[in-house]
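These figures come from a predicted structure and were not determined experimentally.
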Amino acid sequence: GEGQIMDPITVLQSVSILGIVKVMILMLLIVYNVFAGLMMKQVFAMTRAVTMKDDFLIRALGIFHFGFALLVLVLAIIVL
């Protein structure tokens with residue numbers, strides 16, 4: 001029938017701007033999760049090197065930040 005061959009213009013029209021934005025958001029969130037993981041690792045290294053009275057709180061915030069970043073990524077994957 002007609003329209004069996006996908007020419008480049010049809011392919012470009014089928015790729016929506018929204019689809020591109022979704023992929024970009026997911027890639028950004030993946031990079032942010034890597035950053036959050038590295039930040040948590042740095043916080044642990046810092047609290048080992050420097051003893052403070054509230055180092056448990058700083059560690060907890062680092063873990064919470066990383067967990068929240070993971071949660072946002074998972075929700076984005078489900079929603080998008």
Side-chain angles (χ1 to χ4, degrees):
E2 197 139 346
Q4 292 291 325
I5 302 163
M6 292 285 283
D7 58 87
I9 292 149
T10 317
V11 172
L12 282 174
Q13 285 173 343
S14 68
V15 174
S16 67
I17 291 174
L18 190 62
I20 294 169
V21 169
K22 286 179 182 181
V23 169
M24 288 175 71
I25 287 172
L26 288 174
M27 287 170 60
L28 181 76
L29 285 172
I30 289 168
V31 169
Y32 187 79
N33 272 276
V34 170
F35 161 74
L38 290 172
M39 196 175 94
M40 185 174 68
K41 198 175 144 193
Q42 288 299 107
V43 165
F44 279 11
M46 181 193 72
T47 53
R48 269 200 306 274
V50 181
T51 51
M52 294 174 285
K53 62 182 198 306
D54 294 333
D55 60 347
F56 73 94
L57 182 67
I58 293 167
R59 281 183 184 214
L61 283 172
I63 293 169
F64 175 75
H65 176 251
F66 182 66
F68 189 74
L70 277 178
L71 178 72
V72 169
L73 177 66
V74 170
L75 284 175
I77 290 170
I78 293 169
V79 171
L80 299 176

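- Ile58 contributes atom CD1, which lies 12.5 Å from atom CD1 of Ile63 (distance to the nearest 0.5 angstrom).
- Residues Ile17 and Ile25 fall within the same hydrophobic cluster, defined by Ile, Leu, Val, Met, Phe, Trp and Tyr side chains chained together at heavy-atom separations under 4.5 Å.
- Heavy-atom neighbours of Ile20 CD1 from other residues, nucleotides or ligands within 6.0 Å: above the threshold of 12.
- A chain of hydrophobic side-chain contacts below 4.5 Å, direct or via other Ile, Leu, Val, Met, Phe, Trp or Tyr residues, connects Ile77 to Val21.
- Under the 4.5 Å side-chain heavy-atom criterion for ILVMFWY residues, no single connected hydrophobic cluster contains both Phe64 and Leu38.
- To the nearest 0.5 Å, atoms CG (Leu71) and CG (Asn33) are separated by 10.0 Å.
- One hydrophobic cluster, built from ILVMFWY side chains closer than 4.5 Å, cannot hold both Met40 and Ile30; they sit in different ones.
- Here the closest heavy-atom approach between residue Leu29 and residue Ala76 is recorded as CD1-CB, 3.4 Å.
- Note that the CE atom of Met39 and the CG atom of Leu61 stand 8.5 Å from one another [nearest 0.5 Å].
- Separation of atoms CG (Asp55) and CE (Met46) is listed at 8.5 Å; rounding is to 0.5 Å.
- In this structure, the separation between OH on Tyr32 and NE2 on His65 is 2.5 Å, given to the nearest 0.5 Å.
- A distance of 10.5 Å separates CG of Leu73 from CG of Leu28, quoted to the nearest 0.5 Å.
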*Could you walk me through whether Met27 and Val23 pass the side chain to side chain contact (heavy atoms under 4.5 Å, CB included) check?*
CA-CA 6 Å; Met27 287 170 60; Val23 169; 3.8 Å; yes
